[in-house]
Amino acid sequence: MSVNAYEDILLGSFANFLALSKKIGGDVEVQADLVKHAFNAQFAFVRTASESSAPSNNDLQSLLKPTSDQIAAIQSFREKHRTSQYFNHLSAISESIPALGWVCVAPTPGPYVKEMNDAGQFYTNRVLKDWKEKSATHVEWARAWIQTLTELQQYIKQHHTTGLVWAGKNKPAVGGAGAPPPPPPCGLPPPPPMMPLGDVNAAEGGDDRSALFAQINQGEDITKGLKKVTSEMQTHKNPSLRSGPAPYKAPAGITNGTKSVSAPTAAVAKPPSFVRDGKKWLIEYQKGNSNLVVEDAEMNNVVYMFRCENSSLQIKGKINSVVMDSCKKCSLVFDSLVASAEFVNCQSVQMQVLGKVPTISIDKTDGCQMYLSADSLDVEIVSSKSSEMNVMIPKGTSGDYVEQPIPEQFKTLIKGESLNTTCVESLG
């Protein structure tokens, strides 16, 4: 069953991907041929696993060598063709092809494939953006590749939920010597992609919503379970019901002789930490530290800064995203991000991007200064329940900035059966 299901992927969405790659031609077609060899190598490996018992580590390395060689060839092809007009196409495949390493992952290989799919979507989003108005073939190509990896994840969830299954009793045949694909890094997966490209999976929470709608659809019957309020229970007819015990007031302090000792209100401060947990950098409870630096980070890494005060963080290199949560009077400087910079529950924070950032998200934050670079002028800023937000836009090459406030107030008018909402500019 697992072999037939894998073959369905090869003959379905993956075959469509290969056909579209051939239609585009050039470097895309050449790289797609390498991807075809990689999937064929894994198909042969899955067939061997269905007929054999689990091999030794040395034999496993030999069996995986054809697949790992093809993954290396695909990534090397991208590096050798950085000047290609289809570099985003090549990068989308190169960043996500390690998904074929799921055979080395246990106990949950399915989420690993999703991580690799998300890692490549930065470039598939670029393909969609650049070719949306030019050629539908490139748009279909990007979606066909994402669909292929999505179906691979579903296949793993169904047939290899807790890891590759060796279903046979025969000893597996051993190929040439070599090393398997590198094991996946540990840690949390990156944030969801910026642009939704597939169908939204609304399975989670479906039962709760169904129960809610079932109750709503009862109509007038929904009030049958309510308790009737009699005249004896109405406070305006029974003044005695309005009197009750006085509300409790917390004491201002504890009296001890002639001294008043205030009750403790502040929580015990936690020690500062700066650790790396797989792909996630955790920076917490830093106070008065202006020398926080994240170095040697990879493009799928996430930085999470929590409850820091009067501190500065610098991120060197390109990473996936950064989140500043419940921080006060902190500053952030980074080179480039794949996904987004997020500020949640913060006060008086500053941010400066030296390279490029696609999205900035601000939620429940009071005071946020954003210094943009010339490469980040197409950034998308999403704000909610926040105030005192200002964007500093570079002015020419002089190093000066033009400050623009983000609106905090809105005016809504009713137009027939719809609403018309506009920003209210501050004239003070």
*Asks:* Compare every heavy atom of Ser2 with every heavy atom of Ser50, then report the nearest pair and how far apart it is.
*Replies:* CB-OG, 4.4 Å
*Asks:* Checking the side chain of Ser52 only, and the main-chain atoms of Thr48 only, is there a donor and an acceptor separated by less than 3.5 Å?
*Replies:*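 Side chain of Ser52 to backbone of Thr48: a pair is present.
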*Asks:* Are any of the side-chain heavy atoms of Tyr6 and His159 separated by less than 4.5 Å?
*Replies:*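 Tyr6 does not reach His159 side chain to side chain.
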*Asks:* So, for Phe306 and Trp281, is the gap between ring centers shorter than 6.0 Å?
*Replies:*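 So the answer is no for these two rings.
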*Asks:* Please name the pair of heavy atoms, one in Cys308 and one in Ile283, separated by the smallest distance, quoted to 0.1 Å.
*Replies:* SG-O, 3.8 Å
*Asks:* Report yes if the distance between the aromatic ring centroids of His89 and Tyr123 is under 6.0 Å, otherwise no.
*Replies:*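 They do not qualify: ring centres at least 6.0 Å apart.
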*Asks:* Do side-chain atoms of Asn320 reach the backbone of Asn300 as a donor and acceptor pair under 3.5 angstrom?
*Replies:*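 No; zero donor-acceptor contacts below 3.5 Å.
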*Asks:* Which heavy-atom pair separates Ser373 from Pro394 by the least distance, and what is that distance?
*Replies:* C-CG, 3.9 Å
*Asks:* Do side-chain atoms of Ser376 reach the backbone of Val357 as a donor and acceptor pair under 3.5 angstrom?
*Replies:*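 Pair found, side chain donor or acceptor close to backbone of Val357.
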*Asks:* With a 4.5 Å cut-off on side-chain heavy atoms, are Asn420 and Thr412 touching?
*Replies:* no
*Asks:* With a 3.5 Å cut-off and no angle check, do the side chains of Asp363 and Ser384 form a donor-acceptor pair?
*Replies:*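 Yes, Ser384 and Asp363 have a side-chain donor paired with an acceptor closer than 3.5 Å.
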*Asks:* Just by distance, with hydrogens left out, do Arg78 and Ser91 show a side-chain donor and acceptor under 3.5 Å apart?
*Replies:*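 Side chains of Arg78 and Ser91: pair found under 3.5 Å.
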*Asks:* Looking only at atom types and distance, does a side-chain atom of Gln42 sit under 3.5 Å from a main-chain N or O of Leu100, one as donor and one as acceptor?
*Replies:*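 Indeed, once roles are kept as given, a pair shorter than 3.5 Å links the two residues.
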*Asks:* Under 6.0 Å from the CG atom of Leu413, do we count more than 12 heavy atoms belonging to anything else shown?
*Replies:* yes
*Asks:* With a 4.0 Å cut-off on N to O distance, would you call Lys328 and Glu309 a salt bridge?
*Replies:* no
*Asks:* Under the 3.5 angstrom rule, does the side chain of Tyr371 hit a backbone N or O of Leu354 as a donor-acceptor pair?
*Replies:* no
*Asks:* Hey, what do you get for CG (Asp8) to CZ (Phe14), rounding to the nearest 0.5 Å?
*Replies:*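 Spacing of CG (Asp8) from CZ (Phe14) equals 14.5 Å.
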*Asks:* Within the 3.5 Å criterion, strictly below it, is a donor on Gln147 or Glu151 matched to an acceptor on the partner's side chain?
*Replies:*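 Judged by distance alone, the side chains do pair up.
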*Asks:* Mind checking whether Met305 and Gln286 have side chains closer than 4.5 Å, heavy atoms only?
*Replies:*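 Counting from C-beta outward, Met305 and Gln286 never come under 4.5 Å.
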*Asks:* Taking the side chain as C-beta and beyond, is there a heavy-atom pair between Phe334 and Val294 under 4.5 Å?
*Replies:*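 A side-chain contact under 4.5 Å is absent here.
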*Asks:* For side-chain contact (heavy atoms from CB on, under 4.5 Å), just list the numbers for Met389 and Thr365, CA-CA rounded to whole Å, side-chain angles, deciding distance to a tenth of an Å, and then say yes or no.
*Replies:* CA-CA 9 Å; Met389 300 169 290; Thr365 294; over 6 Å; no
*Asks:* Counting only heavy atoms from other residues, nucleotides and ligands, does the tally under 6.0 Å from NZ of Lys318 exceed 12?
*Replies:*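 Yes, NZ of Lys318 has more than 12 neighbouring heavy atoms, counting only those of other groups under 6.0 Å.
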*Asks:* Could you check whether any side-chain heavy atom of Glu115 comes within less than 4.5 Å of a side-chain heavy atom of Lys279, counting everything from C-beta outward?
*Replies:*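 Yes, side chains in contact.
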*Asks:* Any donor-acceptor pair under 3.5 Å linking the side chain of Asn125 with the backbone of Gln121?
*Replies:* yes
*Asks:* Let me confirm one number: the CG-OG1 distance from Asn16 to Thr148, rounded to the nearest 0.5 Å.
*Replies:*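 Nearest 0.5 Å value for the CG-OG1 distance: 7.5 Å.
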*Asks:* Side chains of Tyr112 and Pro98: does their closest heavy-atom pair fall under 4.5 Å?
*Replies:* yes
*Asks:* What distance do Phe274 atom CZ and Asn289 atom CG have between them, rounded to the nearest 0.5 Å?
*Replies:* 9.0 Å
*Asks:* Show the nearest heavy-atom pair for residues Ile156 and Pro109, with the distance to one decimal.
*Replies:* CG2-CG, 3.5 Å
*Asks:* Could you walk me through whether Asn345 and Asp325 pass the side-chain contact (heavy atoms from CB on, under 4.5 Å) check?
*Replies:* CA-CA 6 Å; Asn345 295 321; Asp325 186 0; 4.1 Å; yes
*Asks:* Minimum heavy-atom separation for Lys157 and Thr161, please, with both atom names.
*Replies:* O-OG1, 2.6 Å
*Asks:* Can you classify the ring geometry of Tyr86 versus Trp131 as parallel (below 30°), tilted (30 to 60°) or perpendicular (above 60°)?
*Replies:* tilted
*Asks:* Nearest 0.5 Å, please: how far is CG in Asp69 from CG in Leu64?
*Replies:*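 The CG atom of Leu64 sits 10.5 Å away from the CG atom of Asp69.
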*Asks:* Does any donor atom in the side chain of Ser331 or Ser312 lie under 3.5 Å from an acceptor atom in the other side chain?
*Replies:*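 The answer is yes; a qualifying pair exists.
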*Asks:* Within this structure, what is the OH-OG distance for the pair Tyr285 and Ser326, rounded to the nearest 0.5 Å?
*Replies:*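 The OH atom of Tyr285 sits 9.0 Å away from the OG atom of Ser326.
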*Asks:* So does Val113 get a backbone contact from the side chain of Gln153, meaning a donor-acceptor N/O pair under 3.5 Å?
*Replies:*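 Pair absent, no side-chain N/O of Gln153 close to backbone of Val113.
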*Asks:* Side chains of Gln347 and Asp366 only: does a donor on one sit below 3.5 Å from an acceptor on the other?
*Replies:*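 On atom types as modelled, these side chains do not qualify, holding no pair under 3.5 Å.
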*Asks:* In terms of relative ring orientation, are Trp145 and Phe17 parallel, tilted or perpendicular, with 30° and 60° separating the classes?
*Replies:*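 It falls in the tilted class, 30° to 60°.
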*Asks:* Measure the shortest side-chain to side-chain distance between Leu372 and Ile360 over non-hydrogen atoms and say whether it is less than 4.5 angstrom.
*Replies:* yes
*Asks:* Go through the steps to decide whether Lys356 and Asp378 satisfy the test salt bridge (charged side-chain N to carboxylate O under 4.0 Å, His left out), and finish with yes or no.
*Replies:* CA-CA 9 Å; Lys356 189 172 181 63; Asp378 58 346; 2.9 Å; yes
*Asks:* Report the C-alpha distance between Tyr401 and Asn390 in whole Å, list the side-chain angles of each, state the deciding distance to 0.1 Å, and finish with yes or no for side-chain contact (heavy atoms from CB on, under 4.5 Å).
*Replies:* CA-CA 11 Å; Tyr401 288 88; Asn390 296 287; over 6 Å; no
*Asks:* Identify the two heavy atoms, one from Ser53 and one from Trp166, that lie closest to each other, and give their separation to 0.1 Å.
*Replies:*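 Heavy-atom minimum between the residues: O-CE3, 3.5 Å.
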*Asks:* Do the side chains of Arg126 and Asp130 get close enough for a salt bridge, i.e. N-O under 4.0 angstrom?
*Replies:* no
*Asks:* Would Val323 and Glu342 satisfy side-chain contact (heavy atoms from CB on, under 4.5 Å), going step by step from the backbone distance to the final call?
*Replies:* CA-CA 5 Å; Val323 179; Glu342 299 182 30; 4.2 Å; yes
*Asks:* Determine whether a donor-acceptor pair (N or O, by modelled atom type, separation under 3.5 Å) exists between the side chain of Ser94 and the backbone of Leu90.
*Replies:*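 A pair under 3.5 Å: no.
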*Asks:* Measuring only between side-chain heavy atoms, which start at C-beta, is Val379 closer than 4.5 Å to Val391?
*Replies:* no
*Asks:* Rounded to the nearest 0.5 Å, how far does CZ of Phe77 lie from CG of Asp33?
*Replies:*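 Rounded to the nearest 0.5 Å, the CG-CZ separation comes out at 10.0 Å.
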